[in-house]
Every structure is written in structure tokens, then in C-alpha cells.
2 protein chains.
Amino acid sequence: MIRNLTEQDKEHLQEALVKSGQKVTPQREAVFTVLLAERDHPTVDEVFNRAREVMPGLSLATVYNCLETFVGCGLVRQVNHERESTRYCPNLAPHAHFRDKETGQVHDIELPPEVMKSLRSILPPGFDSEVIEISFLGRAQAKDTHSN
Amino acid sequence: MIRNLTEQDKEHLQEALVKSGQKVTPQREAVFTVLLAERDHPTVDEVFNRAREVMPGLSLATVYNCLETFVGCGLVRQVNHERESTRYCPNLAPHAHFRDKETGQVHDIELPPEVMKSLRSILPPGFDSEVIEISFLGRAQAKDTHSN
DNA sequence: TAATCAGTTAGAATGAGTCTAATCCGCAAG
DNA sequence: CTTGCGGATTAGACTCATTCTAACTGATTA
């Protein structure tokens with residue numbers, strides 16, 4: 001079930017949008033609501049289907065646009081795995097992704113700063129990296145908390 | 001210029017193929033030759049075009065098939081970045097990839113075992129990972145050795 | 001020689017994502 | 001009010017990497 005945005009989440013959305021010169025629109029609110037409702041790294045199609053329950057006229061193109069806008073203003077992260085459909089994730093903290101080979105589910109893995117540092121340290125001089133993507137592929141015992 | 005496979009490389013190819021119940025074919029040799037000639041993480045299309053210089057009748061589907069076979073018997077690795085075309089890399093040692101934002105080139109980054117270990121250690125209990133993919137995105141001073 | 005079977009081939013099909021052109025909508029100016 | 005403007009939204013066409021299909025090839029076995 002998709003519940004409405006809390007006041008806090010609404011402000012968060014508005015602030016991030018306005019900060020990068022974008023507007024709050026009903027469609028963007030709907031898409032953002034869907035993302036926060038189930039933090040399960042949905043694909044565009046999944047977002048689309050869920051959002052339609054709340055806003056039946058919503059078009060797929062708009063979902064693509066909204067998600068792109070959110071990525072642009074740092075509200076969500078894209079998650080790619082192999083060449084499967086892109087997934088979206090509203091977790092802002094630096095984290096890696098663990099993909100369950102069996103179920104296909106994606107779990108967030110917290111990334112301690114030491115690990116980030118040791119990773120950055122393996123770059124030869126002259127290499128300057130902004131983004132580090134880390135993804136595990138394997139099997140996870142189903143004992144899930146919230147990050148599936 | 002694409003030179004022929006050394007005897008050593010040929011044996012390497014044959015051994016890996018036979019070990020997984022596959023045959024050595026002229027097409028597979030051609031594709032493998034191309035991969036070893038320039039270790040620049042080519043896309044399927046690039047492999048196709050280069051291989052055609054040597055074997056004009058070669059079809060794109062066969063290049064896909066060959067590369068899939070090679071991946072299956074551990075001869076090469078697939079490299080995916082965002083949703084761009086898959087690239088292929090004959091470097092067998094564990095390594096990360098650094099993608100230059102400007103040029104699009106992919107560089108291999110050696111992965112010391114300590115770093116691998118510290119990465120594996122951040123997985124919560126119950127998570128068992130077989131493959132870890134690490135990719136950097138950033139800018140690299142052009143002072144290239146061989147891994148571009 | 002016939003049968004078999006993996007590998008190869010050309011071209012069709014798929015599907016995620018992008019592009020385009022038309023429309024909508026909120027708002028500021030007249 | 002109503003007109004015009006610009007960004008957002010929409011439906012549908014389009015792209016393009018990859019996969020699929022069905023026919024063909026060529027070596028090996030019966």
C-alpha cells in the first residue's frame with residue numbers, strides 16, 4: 001500500500017527540486033512517494049505500475065523524466081547490474097549493492113569510511129575518481145530487515 | 001595490426017575451451033586473437049569490426065557466441081558500465097575498472113588481496129558473495145601504460 | 001553414404017531507453 | 001479576464017544492443 005509522503009519527505013523533495021531549479025509537480029510527488037513506500041530498488045516499469053495505482057493517467061515517459069530529474073538533484077541513485085533494467089534507490093548514504101543470484105533482489109550494504117578510503121588508495125597517481133560503484137553477486141540468507 | 005596468436009596463447013585458448021567441452025574453431029581463434037591484440041576493453045562491435053579484417057565472412061552473431069563461450073570458460077571477463085555496451089577484457093587477475101569520464105576509456109586497476117578481504121568483511125552474516133565488481137568513474141591523467 | 005551434432009550465419013524479434021511533436025498547465029503581463 | 005510563455009507531460013515512433021530462430025555447414029560417427 002502506498003501511503004502519502006510525510007511532511008518531512010515532502011520538504012525534502014521540494015528543497016532538492018527547487019535547489020536545482022525544478023518544480024514540484026503532482027507526477028513528481030507520486031513517483032517520489034512510490035520510491036519511498038517500498039525501498040526495494042524498483043525498475044522504471046515497477047515504479048510506473050505502482051504509481052499508476054495512485055495516478056492512473058501517468059505516462060511511462062514521465063516516470064523516466066521524473067527519475068532522471070531526481071538523479072540530477074541527488075534525491076535518488078541509479079543502480080545498474082550487468083545489462084538489466086536500471087533500478088532506483090532512495091538511500092542516500094554511501095553503500096554498496098548485493099544482488100541475490102537466486103531471487104534477483106538487491107540489498108544495500110553499508111560502506112564504512114575506512115573501506116572507501118582503502119579503495120581510493122589503490123588508484124595509481126593521476127587517477128581521480130568521483131564515483132565508486134561496488135556490487136556483490138551471490139546468495140543471501142532470507143532474513144531480511146528492510147533493504148531487499 | 002592484428003598479429004597471430006603465440007603458441008602459448010593458442011594452448012591457453014585450447015585448454016580452456018576443451019576443459020569446458022567446447023571446440024577450437026577458426027572463428028573462436030580469430031575473436032580471441034583480436035582480444036589479445038589490443039587489450040582496450042572493446043565492445044562487441046569493435047571486436048566484430050577488427051575480426052572482420054582477418055575473417056571477412058564472420059557474423060556478428062558468432063562474435064556474440066564466441067564471447068559468451070569465452071566468458072563461460074573463464075577466458076575473458078565482461079565489463080559493464082551503466083547501461084553502455086558490454087565490453088570484454090582478457091585480464092584474468094582480479095582487478096577493478098576505472099572509467100575515464102572524458103575519453104570513455106577503461107583502465108584496469110590492480111586489486112590487492114587486503115582490499116578484497118576488507119570488502120568481503122563488510123558483508124553481514126548470511127551474505128555469501130562469489131563476484132565483486134568495483135568500478136571507478138573519474139578522470140585520469142593520460143600517461144598510459146597498456147591498460148586503456 | 002547417411003545421420004548426427006555443434007557451430008555458424010542472416011535476418012527477424014525483443015525490449016529498455018530516448019526522442020519528437022503536440023498538448024497541458026500555472027503564472028505573469030497586458 | 002485572456003493572452004502568451006515556458007516548463008512539464010503525454011503518446012507514440014524510434015534506436016540500438018542483444019537475443020532468438022531457422023537454415024546451413026562441415027566434421028565425425030554409424
Side-chain angles (χ1 to χ4, degrees), chain A residues 13-14 16-34 41-52 54-73 75-89 104 106, chain B residues 13-14 16-34 41-52 54-73 75-89 104 106:
Chain A
L13 172 64
Q14 166 153 18
L17 283 173
V18 170
K19 195 180 290 176
S20 43
Q22 307 281 344
K23 291 178 194 163
V24 179
T25 69
Q27 288 85 347
R28 285 174 181 169
E29 271 194 20
V31 170
F32 195 61
T33 305
V34 164
H41 306 87
T43 61
V44 173
D45 238 58
E46 284 162 351
V47 173
F48 179 54
N49 289 321
R50 293 177 198 172
R52 289 269 254 185
V54 155
M55 182 181 278
L58 186 68
S59 85
L60 181 59
T62 300
V63 176
Y64 274 101
N65 291 339
C66 290
L67 291 170
E68 195 192 343
T69 304
F70 293 165
V71 170
C73 57
L75 275 170
V76 307
R77 251 177 80 183
Q78 277 186 322
V79 185
N80 287 290
H81 195 271
E82 313 269 292
R83 283 189 51 84
E84 291 170 12
S85 312
T86 300
R87 294 174 175 276
Y88 291 84
C89 142
V106 178
Chain B
L13 173 64
Q14 166 154 18
L17 283 173
V18 171
K19 196 181 288 177
S20 44
Q22 308 280 345
K23 291 177 195 162
V24 179
T25 69
Q27 287 85 348
R28 285 174 183 170
E29 271 194 20
V31 170
F32 195 59
T33 305
V34 164
H41 306 87
T43 61
V44 173
D45 237 59
E46 285 162 350
V47 173
F48 179 54
N49 288 320
R50 293 178 198 172
R52 289 268 255 186
V54 156
M55 182 181 277
L58 186 69
S59 86
L60 181 60
T62 300
V63 175
Y64 273 100
N65 290 339
C66 289
L67 290 169
E68 193 192 343
T69 304
F70 293 165
V71 170
C73 58
L75 275 171
V76 307
R77 252 176 80 183
Q78 278 186 322
V79 184
N80 287 290
H81 194 270
E82 314 270 292
R83 284 189 50 86
E84 291 169 12
S85 311
T86 300
R87 295 173 175 277
Y88 292 84
C89 145
V106 177

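Residue numbering restarts at 1 for every chain, and letters A, B, ... go by the order of the sequence lines.
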Minimum heavy-atom distance B:F48-B:L58, with the two atoms named: CE1-O, 3.3 Å

Exactly one of B:Q22, B:K23, B:E29 clears side chain to side chain contact (heavy atoms under 4.5 Å, CB included) with B:L17, and that residue is B:Q22

Answer yes or no: does a side-chain N or O of B:T62 lie under 4.0 Å from OP1 or OP2 of C:dT8? no

Relative to the 5' end of DNA chain C, which residue comes earlier, B:L60 or B:R28, by the nucleotide with the nearest heavy atom? B:R28

Any base atoms under 4.0 Å from A:D45, or only sugar-phosphate, or nothing? Heavy atoms, all strands. nothing

Ignoring hydrogens and angles, tell me if any N or O in the side chain of B:R83 forms a donor-acceptor pair with the backbone of A:E82 under 3.5 Å. no

Comparing nearest nucleotides in DNA chain C, the 5'-proximal residue of the pair B:R52, B:G21 is B:G21

Does a side-chain N or O of A:T25 approach OP1 or OP2 of D:dG7 to a distance below 4.0 Å, or not? no

Touch check for A:L58, heavy atoms < 4.0 angstrom, all strands: base, sugar-phosphate only, or nothing? sugar-phosphate

Does a side-chain N or O from A:T43 land closer than 4.0 Å to OP1 or OP2 of C:dA16, or not? no

The reported gap from CZ in A:R52 to CG in A:N49 (rounded to nearest 0.5 angstrom) is 8.0 Å

Which of residues 78-88 of chain B have a heavy atom under 4.0 Å from DNA chain D? B:S85, B:T86

Using the side-chain heavy atoms of B:S59, tell me which of these nucleotides is nearest: C:dA16, D:dT18, C:dT9. C:dT9

Among C:dG7, D:dT9, C:dT18, the one nearest any side-chain atom of A:Q27 is D:dT9

Tell me which nucleotide among D:dA17, C:dG7, C:dG11 gets nearest to the side chain of B:A61. C:dG11

Considering all heavy atoms, the nearest B:A16-B:C73 contact: O-CB, 3.6 Å

Any idea which heavy atoms bring B:H41 and B:V106 closest together, and the distance? ND1-O, 3.3 Å

Are any of the side-chain heavy atoms of B:Q78 and B:Y88 separated by less than 4.5 Å? yes

I want to verify a distance call: between C:dA16, D:dA17, D:dA8, whose nearest atom is closest to the A:Q22 side chain? D:dA8

